[in-house]
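Notes for the one structure printed next.
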Amino acid sequence: MSFYLDSCYTFFMSRKANQSDSIKKYPAERISGVAVPLGALRTKESPAIGEYTSLVAFAGFCKKAGLRLIQLLPVLDTGTQNSPYSSLSAFALHPMYISLPLTPAFDACYRQDKAFAAEYDAFVERNRQKVRYDYTDINETKDRLLRTLYATKETQAELTGSAFAAWQKANPWIGTYCVYKHLKYTYMQASWKEWKKADRTMSKAEIANRWQDTSLKEAHNFYAWEQFEAWKQFKHAADEVRKAGIILKGDLPILLNEDSCDVWSDTVLFNQKLRAGSPPDGSNPGGQNWGFPTYNWKAHEADGFAWWRLRLTCAEQFYGAYRLDHVLGFFRIWAVPDGEGSAELGHTEPYSAISEAALAKAGFSGDRLTWLSEPHIPTGALGIENWDEARRVLSLFCARVKTEELWRFRSDIKTAADVWNVHIPGTDEGTAHHVKQTLSGWLHNRTLIELKKGSYVPLWQYSGTQAWQSLSWEEKQRLEELINENAKKNEKAWEKQADTIFSALIPATSMIPCGEDLGVNLHCLPAMLQKYGILGLEVLRWSRRWQEEGQPYIPMSEQRELALVTTSVHDSSTLRQWWQEEHDAARAFELTFTPASAEAASRPLLTDSAFSPEACQFVLSQAASTRSIWFVPPLQDWLYLDKRYWYDDAADERVNVPGTVSGHNWSYRMKESVEALTADTALTAKIKAIAALHD
């Protein structure tokens with residue numbers, strides 16, 4: 001464990017006696033709520049971006065509208081990255097959501113420092129009316145203004161107080177975080193992997209010594225003070241939400257950015273040789289490589305999952321419920337070798353392997369096994385007409401198979417990065433790029449992947465490989481039997497891992513756990529979620545019987561009871577976009593859920609026209625009749641009940657478009673203020689009536 005995890009483990013164990021080890025039950029009440037990114041909240045007091053304190057006003061709106069749950073996206077510090085799922089700390093809150101006027105030094109600083117006042121006023125004015133919030137501008141400007149506030153006598157006096165000292169003692173992760181943040185600032189935000197070796201490879205003792213270095217105290221305490229201010233504001237807001245009878249639901253990203261405090265300081269807890277992602281599917285033929293390191297679960301288990309349990313106990317200060325992002329990852333993660341761009345050469349962690357002995361018994365040994373497990377590249381694959389030239393180029397990457405016109409990669413060429421790092425002399429840039437792109441594709445053309453000597457797993461899409469297609473029908477049958485037997489062993493391994501992890505994590509707090517289990521088809525998952533009281537997730541537009549003719553929607557009365565139902569998620573289009581862009585799906589929904597009657601038969605279908613408040617009311621009302629215990633649409637979908645709250649361009653209402661990187665993602669802001677929504681009695685009455693259908 002690192003310096004701060006040593007302290008955290010002691011801290012956690014001191015609390016353990018006061019916590020029940022019994023498994024938490026599902027919520028007893030049916031609840032309707034709203035999902036919203038914190039930054040999206042536009043209030044009179046938060047004109048540039050939603051802030052921790054904005055939740056107080058928003059809770060007032062929710063209470064009036066009959067909504068009893070507020071679901072947030074993650075609010076952890078992500079540094080220069082605008083994605084809330086790219087955390088650089090598992091514990092630190094994002095300073096960007098601090099309300100500057102509520103810091104103790106603001107009033108005096110604003111009155112006495114003309115430059116500070118001018119920068120703050122200009123900041124507010126340029127951001128007040130923006131459709132999307134400007135992450136970089138807000139993050140950088142608030143950092144400068146917070147540094148000015150930190151230097152004031154009011155703030156320095158606060159740092160010597162007992163409240164600040166007590167807070168630091170209760171948050172033992174803060175030392176390592178401050179050391180990391182200051183180093184990152186010193187290196188102009190460069191990844192820790194680009195730092196000097198002495199800073200890149202600090203031991204826990206060295207981190208502790210640096211944190212205790214009095215010459216660095218002023219620099220380190222800036223980050224500690226930021227976190228103290230964020231904690232105070234968020235804690236106050238969370239308490240006010242709770243007093244209003246509303247559950248605040250947080251979101252715990254399952255993974256951390258490689259360039260994070262935790263990966264830097266706790267290398268033993270993470271596997272940096274592998275990157276997490278998802279396997280190939282119809283819409284992603286190369287799979288997804290998220291770039292985040294996977295976990296070393298054995299190391300986590302060895303110390304009683306102290307790091308994860310601390311994450312939960314820290315979150316419980318604010319939340320009454322939490323979302324386990326990518327819950328499948330606690331069963332098994334799709335792990336991709338570092339250096340691969342796509343996820344095709346990935347495998348599950350944990351995994352069960354097919355042994356070399358089992359393959360030999362099935363008739364696959366020697367050259368036959370090599371044929372299955374190593375790509376064999378024809379000389380003509382590069383498309384170079386002169387075969388002497390093709391052989392010259394291939395020899396830079398491969399060894400020739402005897403005298404055949406086939407080539408196998410050299411032992412040092414294992415990933416796409418290795419291919420792209422090879423220099424091809426005497427070849428123009430365009431040809432070199434084509435060659436490397438072609439060979440990177442051939443890396444994936446193997447039926448079996450040898451993960452360690454004598455242990456093999458099948459490529460996820462093995463049936464499309466050259467070697468598989470060359471097998472006889474009998475050979476395919478024998479190999480597929482081995483693959484299917486291995487798949488059953490995998491299921492048992494995944495179930496065991498999830499059971500081990502959940503048995504440690506779920507009882508650690510009283511928060512209600514919810515799992516993001518979209519698209520998951522593990523046989524063991526439903527029973528495991530039920531065992532640990534973890535709500536599943538249903539998105540109505542995808543809640544269909546996909547294998548049946550016509551792919552009918554699942555009736556609301558047959559939805560999972562122990563689930564949270566929603567109309568859209570942050571990675572999907574909004575209800576308005578879905579209605580406009582997936583017309584056939586929307587029409588099928590309307591035809592399925594419109595009650596049969598003479599009156600209904602004589603009326604035009606809503607899908608005959610453009611999306612409207614009436615269409616929104618129809619979808620939400622039908623969704624509210626779900627059997628599922630929680631009904632939590634995003635704010636945008638609730639606001640479609642009144643056109644005054646729509647943007648002209650529906651794209652401005654979407655939170656994120658997966659697979660794209662831009663300033664547009666993760667920067668959604670509501671069009672009108674929370675105060676305006678609260679004052680709109682017609683809107684709140686409409687929402688309350690729909691919520692009542694569910695509750």
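Just so it is clear, the values below take in all heavy atoms, side chains as well, and ignore hydrogens, waters and symmetry mates.
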The criterion is ring pair (Phe, Tyr, Trp, His ring centres under 6.0 Å); which residues satisfy it with Tyr647, sequence neighbours excluded?
none

Which is it for Phe292 and His326 under the ring pair (Phe, Tyr, Trp, His ring centres under 6.0 Å) test, yes or no, and what are the steps along the way?
CA-CA 13 Å; Phe292 298 147; His326 191 58; over 10 Å; no

Checking Lys130 against Tyr133: charged group under 6.0 Å from the ring centre and within 45 degrees of the axis?
no

Do Thr607 and Glu590 have a side chain donor and acceptor closer than 3.5 Å?
yes

In terms of relative ring orientation, are Tyr640 and Trp646 parallel, tilted or perpendicular, with 30° and 60° separating the classes?
perpendicular

Counting only heavy atoms not in Asp649, do more than 12 fall under 6.0 Å of its CG?
yes

Geometric class of the Phe123/Tyr120 ring pair [parallel <30°, tilted 30-60°, perpendicular >60°]
tilted

Salt-bridge present (Arg126, Asp137; N to O < 4.0 Å):
yes

Asn665 and Thr660: side chain donor to acceptor below 3.5 Å:
yes

When the ring planes of Tyr135 and His94 are compared, do they come out parallel, tilted or perpendicular, using 30° and 60° as the limits?
perpendicular

Looking at Asp143 and Arg147, is any side-chain nitrogen of the basic one under 4.0 Å from a carboxylate oxygen of the acidic one?
yes

cation_pi(Arg576, Trp579) dist<6.0 Å, angle<=45
no

Before accepting this row, confirm whether a basic side-chain N of the pair Lys181/Glu226 lies closer than 4.0 Å to the acidic partner's carboxylate O.
no

Listed once per pair and sorted, the ring pair (Phe, Tyr, Trp, His ring centres under 6.0 Å) pairs that draw on residues 57-79, sequence neighbours left out
Phe58-Phe61

Looking at Lys64, I want to see if its NZ is surrounded by more than 12 non-hydrogen atoms of other residues, nucleotides or ligands under 6.0 Å.
yes

In short, Ala343 meets Ser278 closest at the heavy-atom pair CB-O, 3.5 Å

Decide yes or no on ring pair (Phe, Tyr, Trp, His ring centres under 6.0 Å) for Phe116 and Phe106, but give the supporting numbers first.
CA-CA 10 Å; Phe116 175 88; Phe106 181 84; 5.7 Å; yes

Take Trp231 and Gln227 through the side-chain hydrogen bond (donor to acceptor under 3.5 Å, both in side chains) test and state the conclusion after the steps.
CA-CA 6 Å; Trp231 179 85; Gln227 287 302 307; over 6 Å; no

Can you tell me if CD on Glu45 sees more than 12 non-hydrogen neighbours from other groups inside 6.0 Å?
no

With Phe222, the ring pair (Phe, Tyr, Trp, His ring centres under 6.0 Å) member among Tyr177, Tyr185, Tyr150:
Tyr150

Residues Trp666, Tyr85; criterion ring pair (Phe, Tyr, Trp, His ring centres under 6.0 Å); working and verdict
CA-CA 10 Å; Trp666 310 111; Tyr85 293 94; 5.7 Å; yes

Indicate yes or no for a side-chain donor-acceptor contact from Arg128 to the backbone of Pro47 under 3.5 Å, with no hydrogens or angles considered.
no

Using a strict cut-off of less than 4.0 Å between a Lys/Arg side-chain nitrogen and an Asp/Glu carboxylate oxygen, indicate whether Lys243 and Asp239 qualify as a salt bridge.
no

Out of curiosity, Phe611 CZ to Leu606 CG, how far, rounded to the nearest 0.5 Å?
10.0 Å

Given 3.5 Å as the limit, does a donor-acceptor pair link the side chain of Glu548 with the main chain of Gly550, or not?
no

Using 4.0 Å as the upper bound for N to carboxylate O, is an ion pair formed by Arg644 and Asp680?
yes

Keeping the roles fixed (side chain from Lys44, backbone from Glu675), state whether a donor-acceptor pair exists under 3.5 Å.
no

Approximate separation, where rounding is to 0.5 Å, of Leu252 CG and Leu324 CG
6.5 Å

Report the residue from Arg627, Arg544, Arg560 that forms a salt bridge (charged side-chain N to carboxylate O under 4.0 Å, His left out) with Glu538.
Arg560

Looking at Thr567 and Ala623, what are the two nearest heavy atoms and their distance?
CG2-CB, 4.2 Å

Side-chain ion pair, Lys671 and Asp652, N-O less than 4.0 Å
no

